[in-house]
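Numbers here are sequence positions counted from 1.
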Amino acid sequence: MAGLRLGPLLRHTDGSSATVWAETSRPCTAEVRCADGARGTARTFQIAGHHYALVPVTGLTPGTATEYEVLLDGARVWPPPDHRFPPSVIATPSGGDGVRVAFGSCRWAAPPAGGHDPVGPDALDALAGRLAAGPPGERPDVLLLLGDQVYADEVSDATRRWLAGRRDPAEPPGAQVADYEEYTHLYDESWSDPEVRWLLSTVPSYMVFDDHDVIDDWNTSAAWLADMRATDWWSERILSGLMSYWVYQHLGNLSPAELAADPLYEAVLAAPDGTDALRAFAARADSDPDTVRWSYRRDFGRVRLVMVDSRAARVLAEDRRSMLDEGEAAWLREQVLDGRDDGHSPYDHLLIGTSLPWLLPPLVHDVEAWNASVCGGVRGERWARLGERIRRGADLEHWSAFPSSFDALAGLIAEAGTGPGAPATVSVLSGDVHHAYVAEPSWPGRGPGARVAQLTCSPVHNSVPLSIRLGFRFGWSAPARALGRLFTRHGRCAPPAVSWRRTGGPWFGNQLMTLTLRGRSARLRLEQARSERDGETVLRTVAERELA
């Protein structure tokens with residue numbers, strides 16, 4: 001009898017359809033049955049000895065919420081008999097009631113119940129607890145996970161012991177995952193948490209990778225990539241990381257129409273074993289990144305989300321470094337401006353999701369811009385070598401480390417936010433930096449009419465050392481700005497296209513942000529996970545404000 005190994009995860013939803021992802025114990029037919037009569041079935045596909053199904057559910061009614069169950073070969077496996085949570089539901093947007101978007105990044109797997117948690121309470125656990133106990137009106141319409149859903153290079157003690165039982169931990173890559181099977185263990189550890197499992201079964205989620213989904217500093221520079229490719233373990237690591245990301249995260253980002261048009265998905269479904277087809281795809285994505293697009297767009301009524309890959313799409317050559325290759329940049333522009341007619345926008349709110357913040361503390365920005373300049377040779381070969389060491393040691397590889405891309409994004413945002421029918425807000429949603437803040441840019445002369453904000457929220461479940469906390473706080477100060485100007489002068493850096501100021505934070509803790517977008521209004525709330533005396537994990541509001 002087939003069993004449910006992982007999931008179900010409610011992924012893409014629209015007015016009349018949804019997709020539900022699951023991993024099963026053996027080949028079978030997966031079925032989703034809804035209380036209102038909507039349903040869907042899918043045969044599992046096989047990758048590296050594991051079995052998965054992405055079930056398209058059709059016949060849903062817009063603006064409703066219906067309970068669902070999952071069956072494998074006709075036997076119900078979800079909800080399980082001992083389920084202590086409310087029924088999982090599929091809620092479909094109506095298109096006119098606004099949208100509530102929760103987001104965050106960087107989630108280290110929580111320990112089993114009763115185990116010591118070295119990084120404090122998990123914000124997703126806390127969200128699940130509130131939704132399970134509270135009214136349906138508190139439920140986010142969508143959950144955006146903005147990178148580092150798993151940590152392939154910073155594993156838990158339990159996973160470290162499991163890895164040692166498979167292979168010699170003295171051999172590279174040591175206590176990091178090495179292959180596809182080990183990646184599946186990470187997802188199992190992270191998504192089997194009972195609260196998170198139920199949460200992901202009932203709140204639609206969209207995801208994008210960041211470096212720790214593969215390895216810290218992934219694609220920092222051409223020199224970094226050359227060093228990695230010179231090892232005897234990197235090839236298997238990167239192929240397994242991309243393969244597992246496609247299966248566990250990327251597939252669920254796609255709509256049923258996109259899935260139907262995807263030749264790789266068609267090939268995997270048609271084959272008795274799709275491993276070879278997926279492995280060839282991952283090899284092509286690694287060797288020729290501009291042939292693969294991980295970015296995607298979703299429209300929720302008059303809210304547009306454009307999720308941007310800021311890791312795999314990079315151009316790393318020092319003389320033409322770019323966060324996005326030419327095709328990716330053109331795609332981003334097309335998605336942001338699609339539907340504009342005589343300056344009027346088809347959306348009231350534009351959300352640009354990118355795992356790495358666009359606007360950083362000014363000192364950090366200036367140091368990264370300086371580093372990009374000296375690594376490019378503006379101060380000679382000796383400074384270039386030193387700059388590369390500093391770049392890797394200090395993780396200097398955000399948008400500010402790609403100055404032309406930083407300015408291009410500023411220009412695109414200004415264009416999208418300008419005109420008689422401009423959107424009310426343009427928000428850049430990011431994570432990565434293990435704290436939260438709000439920053440607002442200003443343009444020379446007359447800027448866009450839309451209110452523009454960098455909304456950074458991280459981590460969902462991780463920590464940040466005291467030294468880093470102090471550094472991020474200092475990075476916004478007036479002395480830090482003066483110090484940054486010295487760096488940019490030495491690096492002969494051109495001034496950035498925008499200036500900006502911090503208007504909220506920094507906040508430190510395990511946390512989530514929620515944007516409530518209704519009509520042309522936008523409200524932001526930041527909540528942090530706290531442990532109560534009775535052991536319960538709850539979310540407490542730390543900040544709340546109107547954006548528009």
Determine whether a donor-acceptor pair (N or O, by modelled atom type, separation under 3.5 Å) exists between the side chain of Tyr296 and the backbone of Val308. no
Report the distance from atom CH2 of Trp246 to atom CG of Leu264, rounding to the nearest 0.5 Å. 4.5 Å
May I ask you to decide whether Asp290 forms a salt bridge with Arg314, counting only side-chain N to carboxylate O separations under 4.0 Å? no
What's the separation between atom NE2 in His250 and atom OG in Ser295, rounded to the nearest 0.5 Å? 9.0 Å
Nearest heavy-atom contact between Thr354 and Ser430 is O-OG, 3.0 Å
So, Asp407 versus Ser404: side-chain donor-acceptor pair below 3.5 Å or not? no
Determine whether a donor-acceptor pair (N or O, by modelled atom type, separation under 3.5 Å) exists between the side chain of Ser255 and the backbone of Glu258. yes
Residue pair Val101 / Thr514, side-chain heavy-atom distance below 4.5 Å: no
Listed once per pair and sorted, the salt bridge (charged side-chain N to carboxylate O under 4.0 Å, His left out) pairs that draw on residues 260-272, sequence neighbours left out: none
Taking the side chain as C-beta and beyond, is there a heavy-atom pair between Ser427 and Ile352 under 4.5 Å? no
For Pro423 and Ser345, work out which heavy atoms get closest and say how close. CD-CB, 3.8 Å
How about Glu23 and His51: does a side-chain donor come under 3.5 Å of a side-chain acceptor? no
Would you say the side-chain atoms of Asn462 and Arg107 include a donor-acceptor pair closer than 3.5 Å? no
Is it true that Arg297 and Asp299 have a side-chain N and a carboxylate O under 4.0 angstrom from each other? yes
With side chain to side chain contact (heavy atoms under 4.5 Å, CB included) as the criterion, how do Tyr187 and Ser192 come out once you've worked through the C-alpha distance, each side chain's angles and the decisive distance to 0.1 Å? CA-CA 8 Å; Tyr187 283 102; Ser192 291; over 6 Å; no
Does the side chain of Gln46 come under 3.5 Å of the side chain of Asp273 through a donor N or O and an acceptor N or O? yes
What's the shortest heavy-atom distance between Thr202 and Pro87, and which atoms? OG1-O, 4.4 Å
Parallel, tilted or perpendicular: which fits the ring planes of Trp191 and Trp21, with parallel below 30° and perpendicular above 60°? perpendicular
What pair of heavy atoms forms the shortest contact from Ala152 to Tyr183, and how long is it? CB-OH, 3.5 Å
Phe45: ring pair (Phe, Tyr, Trp, His ring centres under 6.0 Å) partners, not counting sequence neighbours: Tyr52
Is the closest side-chain donor-acceptor distance between His398 and Asp432 under 3.5 Å? yes
Beyond-backbone contact of Ser400 with Trp358, side-chain heavy atoms, under 4.5 angstrom: no
Nearest atoms (heavy-atom pairs only) where Ala132 meets Pro86: O-CG, 3.5 Å
At what distance, to the nearest 0.5 angstrom, does OG1 of Thr184 lie from OH of Tyr180? 7.0 Å
Where do Met513 and Ala436 come nearest, in terms of heavy atoms and distance? CE-CB, 4.2 Å
Show your reasoning for whether side chain to side chain contact (heavy atoms under 4.5 Å, CB included) applies to Arg279 and Met243. CA-CA 7 Å; Arg279 190 174 181 87; Met243 290 170 65; 4.0 Å; yes
Rounded to the nearest 0.5 Å, how far does CG of Leu524 lie from OG1 of Thr516? 9.0 Å
Taking only Lys NZ, Arg NE, NH1 and NH2, and the carboxylate oxygens of Asp or Glu, determine whether Glu326 and Arg320 approach each other closer than 4.0 Å. no
In terms of side-chain geometry, is the basic nitrogen of Arg33 or Glu31 positioned less than 4.0 Å from the acidic oxygen of its partner? yes
Within the side chain of Thr44, is there an N or O that forms a donor-acceptor pair under 3.5 Å with the backbone of Cys28? yes
With a 4.5 Å heavy-atom cut-off, do Leu54 and Val20 have their side chains touching? no
Between Asp148 (side chain) and Ser105 (backbone), is there a donor-acceptor pair under 3.5 Å? no
Taking the side chain as everything from C-beta on, heavy atoms only, tell me whether Leu200 gets closer than 4.5 Å to Arg11. no
At what distance, to the nearest 0.5 angstrom, does CG of Asp309 lie from CG of Leu324? 7.5 Å
Asn253 and His12: side chain donor to acceptor below 3.5 Å: no
Please set out all donor-acceptor pairs under 3.5 angstrom arising from side-chain atoms of residues 70-80, sequence neighbours excluded.
unit_1, atom_1, unit_2, atom_2, d
Asp73, OD1, Thr29, N, 3.0
Arg76, NH2, Pro79, O, 3.4
Trp78, NE1, Ser88, OG, 3.0

Answer yes or no: is there a side-chain heavy-atom contact under 4.5 Å between Pro346 and Arg340? yes
Min side-chain heavy-atom separation Met207-Met307 under 4.5 Å: no
Glu189 and Thr159: side-chain donor and acceptor closer than 3.5 Å? yes
Between Arg39 and Thr58, does any side-chain donor sit less than 3.5 Å from a side-chain acceptor? no
Aromatic ring pairing Phe209/Trp218, orientation class (parallel under 30°, perpendicular over 60°, tilted between): perpendicular
Answer with yes or no whether the side chains of Ser310 and Ser355 bring together a donor and an acceptor at under 3.5 Å. yes
Test item: side-chain donor near acceptor, Arg304 and Gln335, under 3.5 Å: no
Any chance the side chains of Tyr245 and Gln149 put a donor and an acceptor closer than 3.5 Å? no
Walk me through it: do Val57 and Thr19 pass the test side chain to side chain contact (heavy atoms under 4.5 Å, CB included)? CA-CA 6 Å; Val57 183; Thr19 59; over 6 Å; no
Check: Leu127 and Asp125 side chains under 4.5 Å, non-hydrogen atoms: no
Can you tell which of Asp216, Asp211, Asp213, Asp217 makes a salt bridge (Lys or Arg N to Asp or Glu O under 4.0 Å) with Arg311? Asp211
Flag for Thr456-Gln454: side-chain donor and acceptor within less than 3.5 Å: yes
Stepwise, does the side chain to side chain contact (heavy atoms under 4.5 Å, CB included) test hold for Leu10 with Ile90? CA-CA 7 Å; Leu10 177 60; Ile90 300 175; 3.9 Å; yes
Find the distance between OG1 (Thr425) and CG (Leu547) and round it off to the nearest 0.5 Å. 7.0 Å
